[in-house]
Amino acid sequence: MSYVYLLIAIVAEVIATSALKQAEGFTKFGPSVIVVVGYCIAFFCLSLTLRTLPVGIAYAIWSGVGIVLVTGFAWVYYGQKLDLPALIGLGLIIAGVIVINLMSKSVAQ
């Protein structure tokens, strides 16, 4: 169940972070509500994840997957340009999350 909570935390964080640009410094009500609610859900679900997963491992997965998804959203929705070093870096983040999940004895299998 901890991975379900972690997935919800990641999705909520990606939605909240993606809405930050639209919130324009919290001057737009709708996007600002999405940001606040999204982060509240994200941190609550992350806290539930920490009942069974070590904090460092959970945070590495949460932040790594979040970075990749937010970058993908910004690339598609906001037209953010990604050069080769950025793509290589994102690939390394993905590789790191995979290594943690498949090989680390710190993760409950």
Side-chain angles (χ1 to χ4, degrees):
M1 193 66 188
S2 59
Y3 280 102
V4 172
Y5 290 134
L6 185 56
L7 177 64
I8 295 168
I10 291 167
V11 170
E13 186 267 336
V14 167
I15 291 169
T17 301
S18 298
L20 272 174
K21 182 173 176 63
Q22 300 256 315
E24 295 182 16
F26 292 98
T27 60
K28 303 281 176 123
F29 181 75
S32 297
V33 170
I34 292 170
V35 170
V36 171
V37 170
Y39 281 132
C40 287
I41 292 168
F43 283 110
F44 176 72
C45 289
L46 183 61
S47 74
L48 297 177
T49 300
L50 299 180
R51 291 177 175 170
T52 54
L53 286 179
V55 67
I57 299 300
Y59 189 75
I61 295 167
W62 180 66
S63 60
V65 173
I67 289 167
V68 172
L69 292 177
V70 167
T71 303
F73 178 85
W75 175 65
V76 170
Y77 190 75
Y78 295 126
Q80 174 181 318
K81 303 294 182 219
L82 299 172
D83 58 8
L84 184 59
L87 293 172
I88 291 170
L90 291 169
L92 290 170
I93 291 170
I94 292 167
V97 170
I98 291 169
V99 166
I100 288 170
N101 281 292
L102 296 181
M103 298 179 184
S104 176
K105 291 184 185 354
S106 298
V107 178
Q109 300 294 335

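Count residues from 1 along the sequence. Quick caveat: nothing in here was measured; it's all calculated off a predicted structure.
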All heavy atoms of L6 vs all of A58, minimum pair found to be CD1-O, 3.9 Å
How many angstroms lie between atom CD1 of I8 and atom CD1 of I41, to the nearest 0.5 angstrom?
-> 9.0 Å
What's the spacing between I94 CD1 and I67 CD1 if we round to 0.5 Å?
-> 11.0 Å
Hey, quick one: are L48 and V4 part of the same hydrophobic cluster, counting side-chain heavy atoms closer than 4.5 Å, chains of contacts allowed?
-> yes
Aromatic plane relationship, Y59 with W62 - under 30° parallel, 30 to 60° tilted, over 60° perpendicular = tilted
For residues A12 and A42, report the shortest heavy-atom separation together with the two atoms involved.
-> CB-N, 3.8 Å
Is the closest side-chain heavy-atom distance between W75 and L90 below 4.5 Å?
-> no
Can you measure from CG (L82) to CD1 (I88) and round to the nearest 0.5 angstrom?
-> 12.0 Å
Report the distance from atom CD1 of I10 to atom OG1 of T49, rounding to the nearest 0.5 Å.
-> 8.0 Å
Write out all pairs satisfying side-chain hydrogen bond (donor to acceptor under 3.5 Å, both in side chains) with one or both partners inside residues 6-28, taking only residues at least two apart or from two chains.
-> E13-T17, T17-Y39
Cluster question for you: counting only ILVMFWY and a side-chain heavy-atom cut-off of under 4.5 Å, with indirect links fine, are L7 and L53 together?
-> no
Joint hydrophobic cluster, L20 plus V14, side-chain heavy atoms closer than 4.5 Å | yes
Is the number of heavy atoms from other residues, nucleotides or ligands under 6.0 Å of F29 CZ greater than 12?
-> no
Identify whether V97 and L46 are in the same connected component of the hydrophobic contact network (ILVMFWY, side-chain heavy atoms under 4.5 Å).
-> yes
Taking atom CD1 of I15 and atom CD1 of I34, what is their separation to the nearest 0.5 Å?
-> 8.5 Å
Minimum heavy-atom distance between I93 and G64, given as atom pair plus value | CG2-O, 3.4 Å
Enter the distance from I98:CD1 to S104:OG here, rounded to the nearest 0.5 Å.
-> 14.5 Å
Examine Y5 together with F44 and report whether their ring centres are nearer than 6.0 Å.
-> no
Joint hydrophobic cluster, Y3 plus M1, side-chain heavy atoms closer than 4.5 Å | no
